[in-house]
Structures are given as C-alpha cells and as structure tokens.
S.K.: 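Structure below; questions to follow.
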Amino acid sequence: MEIILIKEPVTREELTRIAQAGFGNFVKAVVDISQGVMAIGGELHADEETVLTEQCQSKREHTWGINLYQEKKEDEWIEFDSMINLKPQHGNRSRSVENPEIREAIVAIVNKLIEN
C-alpha cells in the first residue's frame, strides 16, 4: 500500500479510492499536529509515522494515529485508535488520544486537509 503525504486538501472521493485499494472502508492516517500535515494509506500507522519523520522531520510527540471512515458522518468518521498513540512519556497512556486539545487539533487538521 502506498503512503501518501497530504499537505494540500484532497477530496473524500480520493480518500475512498485509497481506502478501496487497502482496507476497504477506512484509511489509516497519522497527523503531525505541529506542522498540520498527515500521511495516509499505509498498512500500519508506524509506517506512516516513519514517512512523516523522514520527509517532514516530524517529532514523535506531535504525531498521532487515527482511522478515517470516509463513509460515516463528519462527527463520527475519525477514530482515535493506534498503537503509536501509546506515549506515556508524553502523558498518553492508551491507544486513544486522551488530551482533548490534541483531539481538537487533529480534527481541525483533518477537516482542513480532507474536503467534503
């Protein structure tokens, strides 16, 4: 599966095409909340995080894994669940994103980069 670095907005139709090439009904994504970019389309969040680290010099404390279910309603389509979110040294002790401010930042970036 090809990992795509998203710096400019893409459509939900494009997201659907990427999903169909991979998991079918969703895509994995990693968002860098400090740079406002994300990587999508990988088999593992860790692979997407590596792309962000290598190509954008992202720092681990700023990268968060999510799943995007492009066919769900806007208030339900982001799932905050990834092994890369386990960051006890940064105060996140689960696969979810526990800090509401970080969740809001992720949602804002996703809404900016994925056009309805």
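These values consider heavy atoms only, across backbone and side chains, with no hydrogens, waters or symmetry-generated copies. These figures come from a predicted structure and were not determined experimentally.
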S.K.: Can you name the closest pair of heavy atoms from Leu52 and Ala39 and give their distance?
M.R.: CG-CB, 4.0 Å

S.K.: Please identify each residue that fulfils side chain to side chain contact (heavy atoms under 4.5 Å, CB included) with Thr11, with sequence neighbours left out.
M.R.: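 Residues passing side chain to side chain contact (heavy atoms under 4.5 Å, CB included) with Thr11: Glu13, Glu14, Glu115.
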
S.K.: In chain order, what residues pass the side chain to side chain donor-acceptor pair (under 3.5 Å) check against Gln20, with sequence neighbours excluded?
M.R.: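 Side chain to side chain donor-acceptor pair (under 3.5 Å) list for Gln20, sorted by chain: empty.
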
S.K.: Distance from Ile109 atom CD1 to Ile6 atom CD1, nearest 0.5 Å?
M.R.: 13.0 Å

S.K.: Locate the shortest heavy-atom distance separating Gln35 from Ser58; write the atom from each residue and the value.
M.R.: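 Smallest interatomic distance, heavy atoms only, reads NE2-OG, 3.6 Å.
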
S.K.: Which pairs count as salt bridge (Lys or Arg N to Asp or Glu O under 4.0 Å) when at least one residue sits in residues 91-113, sequence neighbours excluded?
M.R.: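 For residues 91-113, and leaving out neighbouring residues, the salt bridge (Lys or Arg N to Asp or Glu O under 4.0 Å) pairs sorted by first residue read Asp81-Arg95.
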
S.K.: Does a side-chain heavy-atom distance below 4.5 Å link Arg60 with Glu49?
M.R.: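 Answer yes - side chains close enough.
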
S.K.: Could you tell me which non-hydrogen atom of Phe80 sits nearest to which non-hydrogen atom of Asn85, and how far apart they are?
M.R.: C-ND2, 4.4 Å

S.K.: When you look at CD of Glu8, are more than 12 heavy atoms from neighbouring residues, nucleotides or ligands closer to it than 6.0 Å?
M.R.: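 Open: at most 12 neighbouring heavy atoms sit under 6.0 Å from CD of Glu8.
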
S.K.: May I ask you to decide whether Glu43 forms a salt bridge with Lys28, counting only side-chain N to carboxylate O separations under 4.0 Å?
M.R.: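 No.
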
S.K.: Any chance you could lay out the side-chain contact (heavy atoms from CB on, under 4.5 Å) test for Val10 and Leu113, step after step, and finish with the verdict?
M.R.: CA-CA 6 Å; Val10 297; Leu113 294 177; 6.0 Å; no

S.K.: Do any pairs count as a ring-ring contact (aromatic ring centres under 6.0 Å, His included) and have a residue in residues 38-78, sequence neighbours left out, and if so which ones?
M.R.: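 ring-ring contact (aromatic ring centres under 6.0 Å, His included) check on residues 38-78 returns Phe26-Tyr69.
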
S.K.: What residues form a side chain to side chain donor-acceptor pair (under 3.5 Å) with Ser34, not counting sequence neighbours?
M.R.: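 Partners of Ser34 under the side chain to side chain donor-acceptor pair (under 3.5 Å) test: Asp32.
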
S.K.: Which atoms form the tightest heavy-atom contact between Cys56 and Leu5, and what is the distance?
M.R.: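 Heavy atoms only, the tightest pair is SG-CD2, 3.6 Å.
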
S.K.: Let me confirm one number: the NZ-CG distance from Lys87 to Asn99, rounded to the nearest 0.5 Å.
M.R.: 11.5 Å

S.K.: Shared ILVMFWY cluster between Val31 and Val51, side chains joined below 4.5 angstrom?
M.R.: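 In one cluster: no.
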
S.K.: Tell me every residue that passes side chain to side chain contact (heavy atoms under 4.5 Å, CB included) with Ala19, counting only those two or more places apart in sequence or in another chain.
M.R.: Val27, Gln70

S.K.: Rounded to the nearest 0.5 Å, how far apart are CG of Asn67 and NZ of Lys72?
M.R.: 10.0 Å

S.K.: Is it the case that one hydrophobic cluster holds both Ile66 and Ile4, taking links as side-chain heavy atoms less than 4.5 Å apart, direct or via other members?
M.R.: yes

S.K.: Any chance you could measure Glu79, atom CD, to Ser96, atom OG, to the nearest 0.5 Å?
M.R.: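 Going from CD on Glu79 over to OG on Ser96, the span is 9.0 Å.
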
S.K.: Which distance, rounded to the nearest 0.5 Å, do you find between the CD1 of Ile78 and the CD1 of Ile114?
M.R.: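 Separation between the atoms: 9.0 Å.
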
S.K.: What do the steps show when you test Leu44 against Asp47 for side-chain contact (heavy atoms from CB on, under 4.5 Å), and what is the final call?
M.R.: CA-CA 5 Å; Leu44 300 172; Asp47 296 335; 3.7 Å; yes

S.K.: I need the minimum non-hydrogen distance between Leu68 and Ala29, along with the two atoms involved.
M.R.: CD1-CB, 4.2 Å

S.K.: Rounded to the nearest 0.5 Å, what separates atom OG1 in Thr63 from atom CD1 in Ile84?
M.R.: 5.0 Å

S.K.: Does the side chain of Asn92 reach to within under 4.5 Å of the side chain of Leu86, using non-hydrogen atoms?
M.R.: no

S.K.: With heavy-atom distances below 4.5 Å as the criterion, would you say the side chains of Met38 and Ile40 are in contact?
M.R.: yes

